[in-house]
Amino acid sequence: MIRLADRVLTGEIVLPKYQRAFVWGPHQVLELLDSVLRNYPIGSLLLWETTEQLASEHTVAGLAVEPPRPGRAVRYILDGQQRLASVLGALHGGTGPWDIIYDLQKERFFHRTPDTAMAAHLVPMRAVSSASLLFGQVAELSADLRERATGLYEQFANYLVPVVTLDHMSAEESARVFVRINSTGTTMNIVDVARASTWSPDFDLKDEIESLLQVLDAKHYGRVDTMTMLRTIAVAAGFGFSRQDINRLRELDKPRLREAVKAAGKAAERAVDFLSTQIRTPHADALPYYNQFAVLVEVFRQLPKPSSAQYDALRRWFWLTASGEYFKGWSEAQMTQDAQAIAAFARGETGEVDTVAALPRSALWRHSAFSKRNAPSKLLALILAYADPLDLLTGQRIDVGRALSWQNDKEFHHFFPRAFLRARGVSGARANVCGNLVMLTSNSNIWVSDRPPSRYLRDLADIEGEGALRQRLRTCLVNEEAYQAALRDDYDTFLRVRSETLHRRLLQLIGLATEPTNVATSSAEPLVGDEIIDSDLDVDPLTDEPIDLDSVD
């Protein structure tokens, strides 16, 4: 294994660009090392030997590797990347996730933590790659422990891994083999599959997706996840939004793929302009659902210059689909319906982007937990931002762009402070609902602290005047009835009335002055408990990129 790892570092064994990123978790790495030490089989490696020079990764397991030498045969890894990278990282990394220790006394591998007190019997795995380092460390230990250290070194030095080497194969064929081989084991995500199955020496889908994301970067809009961008490419290519449609990208030649990427890029620019100016989402993080962006990109691809009436319809569509759980369960059947609705709207056959998304209920605000990652909270933030809120203490306009960036939640405040409600026996889940949140500056947030509403509101009225306070409350979507309930410290009434106010405002944005009786409303029943609505958007801990969790396909 030591020699095998060295061959990766020196560029004899190379990771081709179409390989996916490292996805193993810490526990899988430790299990692999333990299997090597116990002389358990860990499976074979599949290599492709060729003199063809492919784009390759410059780092493996975070370690710089030498490039292949021109003119010499190179062995590219088709299967075994996760295992090989794990061994390489353990033997040569030594920092972060690769700071792995073998305890000679307890005979186990573990990851070093800040609390780990180093001792001679705790051997860093990077020392195992060097006999002098290892035996220098254990020289003063007992004979039994020195013997274990010798066994550790010899096992990693002499462990044999079966290697299957393919040759007489084109680069495109090697990518297809990679897809087929890696359909088992740690599951490849759809982006990995699409990238590898469409890869050629002159086309890398990862680079094309990056070019789309740079469209967002150029407009300082932040980023959505790569899966969402892949949907925009698939539908621009004439297929659809679903995983099945994404898999069909492999049917296209490279010029048509590039044409689809280019068309999606131009439409993405228009979608960002619409979202930032018409919806006032200054950043991708403010979107309740990333798949709203995918749909809008396709709308602007087919309809580059909407009329005023069509812009109105798009705004109504945005607020309606943001208000329910339509995109939280976006199925393949819904995707097909939406693609058809977009086409009909673009051709002028319909005045709306027809959707089966249900209207929300006012209970949404009473039962949805406030979290910077869930869709109801993002929707609340957008509705509050639309009202141009004034700070209760200073009367100054709140920087809603900062609040909507969600870098922190200091721009939001529980109108009835949680500590106050807790003292009255109100559960944390019931206190932390969207209907109890307003936008405040961080300074005002500190000034309010955990005081009862009756106290801080009366103080504000004395300082700023009753009329000024009422005006500021209205911009925060707290009406007179809710204000009076707060002056009585009546949380139940406040929450009910505030929820109805938010509901009416949302219906106005959807295009309905009052709630109709013959239109479907969301049938989802709110959960009862401390966690009511789960996060809809998250971040991959390995890549630090957003993840699309909107869809069920």
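Any value given below was found using the heavy atoms of this structure, including those in side chains, with hydrogens, waters and symmetry copies removed. This structure is a prediction, so every number in the text was calculated from the model and none was measured.
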Enquirer: Would you call Glu210 and Arg223 a salt bridge, taking side-chain N to carboxylate O under 4.0 Å as the test?
Expert: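 Salt bridge present between Glu210 and Arg223.
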Enquirer: Applying the side chain to side chain contact (heavy atoms under 4.5 Å, CB included) test to Phe293, which of Val272, Thr281, Asp225 qualifies?
Expert: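 Only one of Val272, Thr281, Asp225 forms a side chain to side chain contact (heavy atoms under 4.5 Å, CB included) with Phe293, namely Val272.
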Enquirer: Do you know which two heavy atoms are closest between Ala419 and Asp450, and how far apart they sit?
Expert: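 Of all heavy-atom pairs spanning Ala419 and Asp450, the closest is CB-CB, 3.7 Å.
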Enquirer: Return the NZ to OH distance between Lys378 and Tyr289, rounded to the nearest 0.5 Å.
Expert: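 Result: 11.0 Å between the selected atoms.
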Enquirer: Check whether any side-chain heavy atom of Phe239 lies under 4.5 Å from a side-chain heavy atom of Leu249, and answer yes or no.
Expert: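 Yes, side chains in contact.
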Enquirer: Take the angle between the ring planes of Phe109 and Phe156 and call it parallel below 30°, perpendicular above 60°, tilted in between.
Expert: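 If you compare the ring of Phe109 with that of Phe156, the planes turn out perpendicular.
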Enquirer: Of all the heavy-atom pairs spanning Ile100 and Ala90, show the shortest one and how long it is.
Expert: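 Reported closest heavy-atom pair: CD1-CB, 4.0 Å.
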Enquirer: Could you state the interatomic distance from OG1 (Thr50) to CG (Asp167), rounded to the nearest 0.5 Å?
Expert: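 One finds 8.5 Å between OG1 of Thr50 and CG of Asp167.
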Enquirer: Please examine the side chains of Arg231 and Ile246, heavy atoms only from C-beta on, and report whether any two atoms are closer than 4.5 Å.
Expert: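 Answer yes - side chains close enough.
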Enquirer: Determine the minimum heavy-atom distance between Val433 and Arg430, stating which atoms define it.
Expert: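 Minimum heavy-atom separation between Val433 and Arg430: CG2-O, 3.4 Å.
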Enquirer: According to salt bridge (Lys or Arg N to Asp or Glu O under 4.0 Å), does anything in residues 105-124 pair up with another residue at least two apart or in another chain? List the pairs.
Expert: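 Passing the test, one end in residues 105-124: Asp99-Arg112, Glu107-Arg148.
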Enquirer: Do the ring planes of Tyr153 and Phe135 sit parallel (below 30°), tilted (30 to 60°) or perpendicular (above 60°)?
Expert: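 Tyr153 and Phe135: perpendicular rings.
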Enquirer: Starting from the C-alpha separation in whole Å, work towards a yes-or-no answer on side chain to side chain contact (heavy atoms under 4.5 Å, CB included) for Gln28 and Ser86.
Expert: CA-CA 9 Å; Gln28 290 171 288; Ser86 295; over 6 Å; no
Enquirer: Just so I know, are the side chains of Leu37 and Tyr102 near enough to count as touching, which here means a heavy-atom distance under 4.5 Å?
Expert: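 With C-beta onward as the side chain, the pair touches.
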Enquirer: Could you tell me if the side chain of Leu437 sits less than 4.5 Å from the side chain of His414, heavy atoms only?
Expert: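 The answer is yes, as the side chains (C-beta and beyond) meet within the 4.5 Å cut-off.
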Enquirer: Can you name the closest pair of heavy atoms from Leu134 and Ala149 and give their distance?
Expert: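 Closest heavy-atom pair between Leu134 and Ala149: CD2-O, 3.6 Å.
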Enquirer: Sub-3.5 Å donor-acceptor pair from the side chain of Tyr159 to the main-chain atoms of Tyr40, do we have one?
Expert: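 Answer holds: yes.
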Enquirer: First locate atom OG of Ser449, then atom CZ of Phe420, and finally report the distance between them rounded to the nearest 0.5 Å.
Expert: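 With rounding to 0.5 Å, OG (Ser449) is 13.0 Å from CZ (Phe420).
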Enquirer: Can you confirm whether Leu296 sits close enough to Leu275 that some side-chain heavy atom of one is under 4.5 Å from a side-chain heavy atom of the other?
Expert: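 The answer is yes, as the side chains (C-beta and beyond) meet within the 4.5 Å cut-off.
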Enquirer: Could you tell me whether the side chains of Ser211 and Gln214 share a donor-acceptor contact shorter than 3.5 Å?
Expert: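 Distance-only check fails for Ser211 and Gln214.
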Enquirer: Between Thr150 (side chain only) and Arg146 (backbone N and O only), is there a donor and an acceptor less than 3.5 Å apart?
Expert: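 The answer is yes, because a donor-acceptor pair under 3.5 Å joins these two groups.
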Enquirer: Run the side chain to side chain contact (heavy atoms under 4.5 Å, CB included) test on Ile233 and Leu212 for me, step by step, so that the C-alpha distance in whole Å, both residues' side-chain angles and the decisive distance to 0.1 Å come before the verdict.
Expert: CA-CA 9 Å; Ile233 296 171; Leu212 289 184; 3.7 Å; yes
Enquirer: I'd like to know if Arg3 pairs up with Glu12 as an ion pair, taking the criterion as any Lys NZ or Arg NE/NH1/NH2 lying under 4.0 Å from an Asp or Glu carboxylate oxygen.
Expert: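 Salt bridge: yes.
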Enquirer: For a quick test of reading the model, state the closest non-hydrogen atom pair linking Leu122 to Pro124 and the distance between them.
Expert: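 Result for this residue pair: O-CD, 3.4 Å.
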Enquirer: State, without any angle test, whether Thr165 and Glu49 hold a side-chain donor-acceptor pair at a distance under 3.5 Å.
Expert: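 Side-chain D/A pair, Thr165 to Glu49: absent.
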Enquirer: Starting at CG of Asn432, measure out to OG of Ser371 and round the result to the nearest 0.5 Å.
Expert: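 So the gap between those two atoms works out to 8.0 Å.
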Enquirer: Heavy-atom distance under 4.5 Å between the side chains of Ile13 and Ile77, does that happen here?
Expert: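 With C-beta onward as the side chain, the pair touches.
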Enquirer: Can you find a heavy atom in the side chain of Leu440 that is under 4.5 Å from one in the side chain of Trp447?
Expert: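 With C-beta onward as the side chain, the pair stays apart.
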Enquirer: As a quick check of understanding, evaluate side chain to side chain contact (heavy atoms under 4.5 Å, CB included) for Leu379 and Trp365, giving each step before the final call.
Expert: CA-CA 10 Å; Leu379 177 60; Trp365 310 111; 3.8 Å; yes
Enquirer: Using only heavy-atom distances, determine whether the side chains of Asn445 and Ser442 contain a donor-acceptor pair under 3.5 Å.
Expert: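 No donor-acceptor contact under 3.5 Å links the two side chains.
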Enquirer: Using modelled atom types and a 3.5 Å cut-off, is there a donor and acceptor pairing between side-chain atoms of Asp79 and backbone atoms of Leu46?
Expert: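 Not a single qualifying donor-acceptor pair exists.
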Enquirer: Nearest 0.5 Å please: distance from the CD atom of Gln81 over to the CG atom of Leu88.
Expert: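 Reported value, rounded in 0.5 Å steps: 11.0 Å.
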Enquirer: Using a 4.5 Å cut-off on heavy atoms from C-beta on, say whether the side chain of Leu257 contacts that of Glu208.
Expert: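 Counting from C-beta outward, Glu208 and Leu257 never come under 4.5 Å.
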Enquirer: Rounded to the nearest 0.5 Å, what separation is found between the CG atom of Leu30 and the CH2 atom of Trp24?
Expert: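 So the CG of Leu30 and the CH2 of Trp24 are separated by 11.0 Å.
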Enquirer: Heavy atoms only: give me the nearest Ala381-Phe412 pair and the separation to one decimal.
Expert: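 Reported closest heavy-atom pair: CB-CZ, 3.8 Å.
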Enquirer: Hey, is the main chain of Asp245 close enough, under 3.5 Å, to the side chain of Ser242 for a donor-acceptor pair?
Expert: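 Yes: the side chain of Ser242 pairs with the backbone of Asp245.
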Enquirer: For the pair Arg7 (side chain) and Leu4 (backbone), establish whether a donor and an acceptor sit closer than 3.5 Å, ignoring hydrogens and angles.
Expert: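 Flag not set: sc Arg7 to bb Leu4 has no pair under 3.5 Å.
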Enquirer: Does the pair Gln334 and Phe327 meet the rule for a side chain to side chain contact (heavy atoms under 4.5 Å, CB included), with working shown?
Expert: CA-CA 9 Å; Gln334 290 171 300; Phe327 279 114; over 6 Å; no
